[in-house]
Engineer: 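Below you'll find the structure I mean.
Treat the numbers as computed from the prediction; the structure is a model and nothing was measured. Letters A, B, ... are given to chains in the order of the sequence lines, protein chains preceding strands, and every chain is numbered from 1. Reckoned from all heavy atoms, side chains included, excluding hydrogens, waters and symmetry mates.
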Protein chains: 4
Amino acid sequence: MRPKDDAKVEAIYEATLRQIDEVGIAGATMARIARDAGVATGTLYTYFENKHELLSKLYVRIKSGAVAEFVRDMPADQPYRIVFRRVWLNMLQFNVQRHLEGTFMAQFYRSTYISEEVRAEGLRLFQPINALLDRGKREQLVRDVDNALLHAAISGPIYETAQLVHEGRLTLNDEIIEQVFQMTWDSIKA
Amino acid sequence: MRPKDDAKVEAIYEATLRQIDEVGIAGATMARIARDAGVATGTLYTYFENKHELLSKLYVRIKSGAVAEFVRDMPADQPYRIVFRRVWLNMLQFNVQRHLEGTFMAQFYRSTYISEEVRAEGLRLFQPINALLDRGKREQLVRDVDNALLHAAISGPIYETAQLVHEGRLTLNDEIIEQVFQMTWDSIKA
Amino acid sequence: MRPKDDAKVEAIYEATLRQIDEVGIAGATMARIARDAGVATGTLYTYFENKHELLSKLYVRIKSGAVAEFVRDMPADQPYRIVFRRVWLNMLQFNVQRHLEGTFMAQFYRSTYISEEVRAEGLRLFQPINALLDRGKREQLVRDVDNALLHAAISGPIYETAQLVHEGRLTLNDEIIEQVFQMTWDSIKA
Amino acid sequence: MRPKDDAKVEAIYEATLRQIDEVGIAGATMARIARDAGVATGTLYTYFENKHELLSKLYVRIKSGAVAEFVRDMPADQPYRIVFRRVWLNMLQFNVQRHLEGTFMAQFYRSTYISEEVRAEGLRLFQPINALLDRGKREQLVRDVDNALLHAAISGPIYETAQLVHEGRLTLNDEIIEQVFQMTWDSIKA
DNA sequence: TATGAATGAGCCTTCATTCAT
DNA sequence: TATGAATGAAGGCTCATTCAT
């Protein structure tokens, strides 16, 4: 189905995120999402087969947007640490500033809503990050361990840190960001 | 009359965990939990005020059990790295082997079901871990940063690693465990 | 889309009355009401927030309808006794012939379902009757006592009489109606 | 079944009345009644077959107690009006002062809980009142109409008046009582 | 007999989805 | 295509009644 009105899809996506942030994935009913998006409930079904598809598409969309965000302004020709730092900072900022998206991805990824295909698709989107890690290994600046483990070492702390900020238990500033980065870098550096 | 039955509470807790693992926190209906536990729906309400209380009590119970597990066999009089490694290993094993519990805590902590009090109580239970980190800082073996950040650096990778194992994307062995530990240790060590 | 349907509201109101008559206010479940009205249970909630609102609106509606009925064909320019008789007869007939409505009002008024606001609203609707009593007092044809007492003297016997008819212990005819009226008139006349 | 403990039955009856007054006939659950009476839920079933029987027996008990109350201190050898006034006053006082009982009888009589037998039994208990009315007719002091109608003319206003008092819309004093009595007397007198 | 835990049908309400307009 | 009323299967919870102790 080729939606006529991209702006409407956009509004639906945004309403979905807002509602999930407010009332959680289960509390975000189709009626609430529709109202928030300024359309009728039935209209949701013009653009999406059902709630599952709405969430899945939103997930893929956010995930690919996120990865694009991660590699934004990546100074590819700079020394590795500089490049990595840029990407890491993008990841942290994305998770902190766009908490809705980050939280949704985390929630959805572990939810029963996600299907195997969507999960796999999400992984595929991470390719650019893997490429970055591979470069680091080639240059012998990053430990030679499974990318999945490196990823765990990088994302894990970011998720937890963003959560701390969201809970109000931590306020970020340059010094703290530097500390967190240093910890992660020490964690993965060869 | 029949006395309240501890074994029954136990069965309810276990059924709850199983169901949440299978169908998520929202999908785990009181009826499903009851059936799984082998009791009538109404019986759940003999032991718990409502679903919220059931989940909250289960959370606190698991969390305190987890922390107890974390500090189990802790060789308190050994050098710090040895002690920390023991605790870290306990944490990893808990999250990997008792995936139901780990997954529930993560889901519940981020869900709309949790109340502020329960969240605070959960934090309070972490006191022993904070004590361990404090010792590390006193001995100048651990970076002098906020415990919350250290905790993010330690738990984040553990959660992600356990998730990888659960998804079948990673199989743990001594070598990999050693790699992961080394990454975390390098991350937090002074 | 389907517009909200007045006939449906009507059907719901009627089904509610029927069910309350059959099984009482507590026995009249939303499901029964819906079935009787020929709609799905959920449809009730399109028209009414909840059971309380359904009953409250029905109450106000019936009460105002009843009062309108009471003063119907009131020969306002006739001597007081004629006017009063007309109104009294309307009241009796309403309570006898439209037993469902009468019974519902009585039950609801004394139930725990009714709220203070609705009770007050119900009283307000009685204004025309009070006006009639006031005229009687002005013309010194009616005792100068509190309207509430007069009302008790008028309505009380009507309710009881209607109940007798409903139970089959009494059949009304002109002579009996005359007797009952005379008793009430003697009761309130100056 | 011959209950051992009359005091317990008494406590149950009183608790039932209290609960019905507080939360209505439907809200008065067996568990609440039991708790209020200071016994276990199951104990109710030692003394009563089920809720229906509990209510029915309570009804008959109250009704007969009420009638006994009505004819209390009846100066049988006095002039009719004196005697009638005494009985009428007893009725009014019972309905006003023992509102729980009065309200319960009214509620129960019109509820779906009551069976034909109980209703008939209730009527039978009214025999003394009918005797009083019959005497009035013999002495040609009371209109020669069906006792049921006389009863409607007497009880109806009493119920309504008691309700007014209960709602706080009326406070009784000697003057008002006199007014109300006069209205009723004028209503039934020959 | 007394207790209160256990039962499960049933209650009110919600909500993903359908469908008449 | 867009609307939102209509649907009915659950969901959380209650409660009369039963039953093990």
Side-chain angles (χ1 to χ4, degrees), chain A residues 1-5 8 26-35 37-55, chain B residues 1-5 8-9 26-35 37-54, chain C residues 1-5 8-9 26-35 37-54, chain D residues 1-5 8 26-35 37-55:
Chain A
M1 171 200 40
R2 185 69 195 76
K4 270 283 155 49
D5 192 343
K8 206 161 280 183
T29 68
M30 295 298 265
R32 286 182 77 123
I33 291 170
R35 195 176 329 116
V39 300
T41 310
T43 304
L44 297 184
Y45 290 84
T46 304
Y47 294 93
F48 304 95
E49 196 87 22
N50 50 38
K51 189 176 182 179
H52 171 76
E53 195 195 277
L54 164 56
L55 295 180
Chain B
M1 59 119 206
R2 261 160 299 188
K4 281 203 192 184
D5 188 344
K8 207 159 281 180
V9 179
T29 68
M30 295 300 265
R32 285 182 78 122
I33 292 170
R35 197 175 327 114
V39 300
T41 310
T43 303
L44 297 185
Y45 293 86
T46 304
Y47 293 92
F48 303 96
E49 197 91 21
N50 50 38
K51 187 176 180 179
H52 172 75
E53 195 194 279
L54 164 54
Chain C
M1 59 117 210
R2 262 161 297 190
K4 280 203 193 184
D5 189 345
K8 206 158 283 178
V9 179
T29 68
M30 295 300 265
R32 285 183 78 123
I33 292 170
R35 197 176 326 115
V39 300
T41 309
T43 303
L44 298 184
Y45 293 86
T46 303
Y47 293 92
F48 304 95
E49 197 91 22
N50 49 40
K51 188 175 180 179
H52 173 75
E53 196 195 278
L54 165 54
Chain D
M1 172 199 39
R2 184 69 195 79
K4 271 282 156 45
D5 191 344
K8 205 160 283 182
T29 68
M30 295 299 265
R32 286 182 77 124
I33 291 170
R35 197 177 327 116
V39 300
T41 308
T43 303
L44 298 184
Y45 290 85
T46 304
Y47 294 93
F48 304 95
E49 196 88 21
N50 49 37
K51 189 176 181 179
H52 172 79
E53 196 195 275
L54 164 55
L55 295 180

Engineer: How long is the line joining CD1 of Ile33(B) and P of dG11(F), in whole Å?
Structural biologist: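 These atoms are roughly 11 Å apart.
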Engineer: Please confirm whether the shortest side-chain N or O distance from Lys51(C) to OP1 or OP2 of dC11(E) is below 4.0 Å.
Structural biologist: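 No, outside the criterion.
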Engineer: Are OP1 or OP2 of dA6(E) and a side-chain N or O of Tyr47(B) less than 4.0 angstrom apart?
Structural biologist: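 Tyr47(B) to dA6(E) OP1/OP2: side-chain N or O found under 4.0 Å.
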Engineer: Rounded to whole Å, please give me the gap between CZ in Arg35(B) and C1' in dG11(F).
Structural biologist: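 Rounded to whole Å, this separation is 13 Å.
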Engineer: Nearest to the side chain of Thr41(D), heavy atoms from C-beta on, is which of dT17(F), dA20(F), dT7(F)?
Structural biologist: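 From the listed options, dT17(F) comes nearest.
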Engineer: So which atom in Lys51(A) and which in Thr29(A) form the shortest heavy-atom distance, rounded to 0.1 Å?
Structural biologist: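 Minimum heavy-atom separation between Lys51(A) and Thr29(A): NZ-CA, 4.5 Å.
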Engineer: Between Lys8(A) and dT1(F), is there a side-chain N or O to OP1/OP2 distance below 4.0 Å?
Structural biologist: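 Lys8(A) to dT1(F) OP1/OP2: no side-chain N or O under 4.0 Å.
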Engineer: When the distance from CG of Leu44(B) to P of dC15(F) is rounded to whole Å, what number comes out?
Structural biologist: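 Whole-Å distance recorded here is 17 Å.
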Engineer: How close or far is atom C1' of dT17(F) from atom CD of Glu53(D), stated in whole angstroms?
Structural biologist: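 For the pair Glu53(D) CD and dT17(F) C1', the rounded distance is 14 Å.
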Engineer: Counting C-beta onward and ignoring hydrogens, is there a side-chain heavy-atom pair between Leu54(C) and Glu49(C) closer than 4.5 Å?
Structural biologist: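 Answer no - side chains too far apart.
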Engineer: Between Gly42(C) and Thr29(B), which is nearer to the 5' end of DNA chain F once each is assigned its nearest nucleotide?
Structural biologist: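 Here Gly42(C) is the residue nearer the 5' end.
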Engineer: How close do Phe48(B) and Val9(B) get, heavy atom to heavy atom, and via which atoms?
Structural biologist: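 Result for this residue pair: CZ-CG1, 4.1 Å.
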Engineer: Specify the separation, in whole Å, of atom OH of Tyr45(A) and atom P of dT17(E).
Structural biologist: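 Those two atoms, OH and P, are 4 Å apart.
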Engineer: Below the 4.0 Å mark, does dT3(E) have OP1 or OP2 next to a side-chain nitrogen or oxygen of Thr43(D)?
Structural biologist: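 Yes, within the criterion.
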Engineer: At their closest point, which heavy atom of Ala26(C) faces which heavy atom of Ala26(D), and how far apart are they?
Structural biologist: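 Minimum heavy-atom contact is CB-CB, 3.6 Å.
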Engineer: Indicate yes or no for a side-chain donor-acceptor contact from Lys8(D) to the backbone of Ala37(D) under 3.5 Å, with no hydrogens or angles considered.
Structural biologist: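 No; judged by distance alone, with no hydrogens or angles, the pair does not exist.
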Engineer: For the pair made of CG in Asp5(C) and P in dA20(E), what is the distance, rounded to whole Å?
Structural biologist: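 Distance check: Asp5(C) CG to dA20(E) P gives 15 Å.
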Engineer: Looking only at side-chain atoms of Thr46(C), point me to the closest of dA5(E), dA5(F), dT7(E).
Structural biologist: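 Among dA5(E), dA5(F), dT7(E), the one nearest the side chain of Thr46(C) is dA5(F).
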Engineer: For Gly27(A) and for Lys4(B), find the nucleotide of DNA chain E with the closest heavy atom, then tell me which residue's nucleotide is more 5'.
Structural biologist: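 The residue mapped nearer the 5' terminus is Lys4(B).
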Engineer: Starting at the 5' end of DNA chain E, which residue's closest nucleotide do you reach first, Ala40(B) or Arg32(C)?
Structural biologist: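 Result: Ala40(B).
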Engineer: In the structure shown, which nucleotide is the Watson-Crick or G-U wobble counterpart of dT21(F), with both distances under 3.5 Å?
Structural biologist: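 dA2(E) is the nucleotide pairing with dT21(F).
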Engineer: Let me spell it out: for each of Arg2(B) and Ala31(D), pick the nucleotide of DNA chain F with the closest heavy atom. Which residue's pick is nearer the 5' end?
Structural biologist: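 Its nearest nucleotide lies further toward 5', so the answer is Ala31(D).
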Engineer: Tell me: CE of Met30(A) to P of dA16(E), nearest whole Å?
Structural biologist: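 Distance check: Met30(A) CE to dA16(E) P gives 7 Å.
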Engineer: Within this structure, what is the CG-to-P distance between Asn50(A) and dC15(E), rounded to whole angstrom?
Structural biologist: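 The distance from CG of Asn50(A) to P of dC15(E) comes to 17 Å, rounded to the nearest Å.
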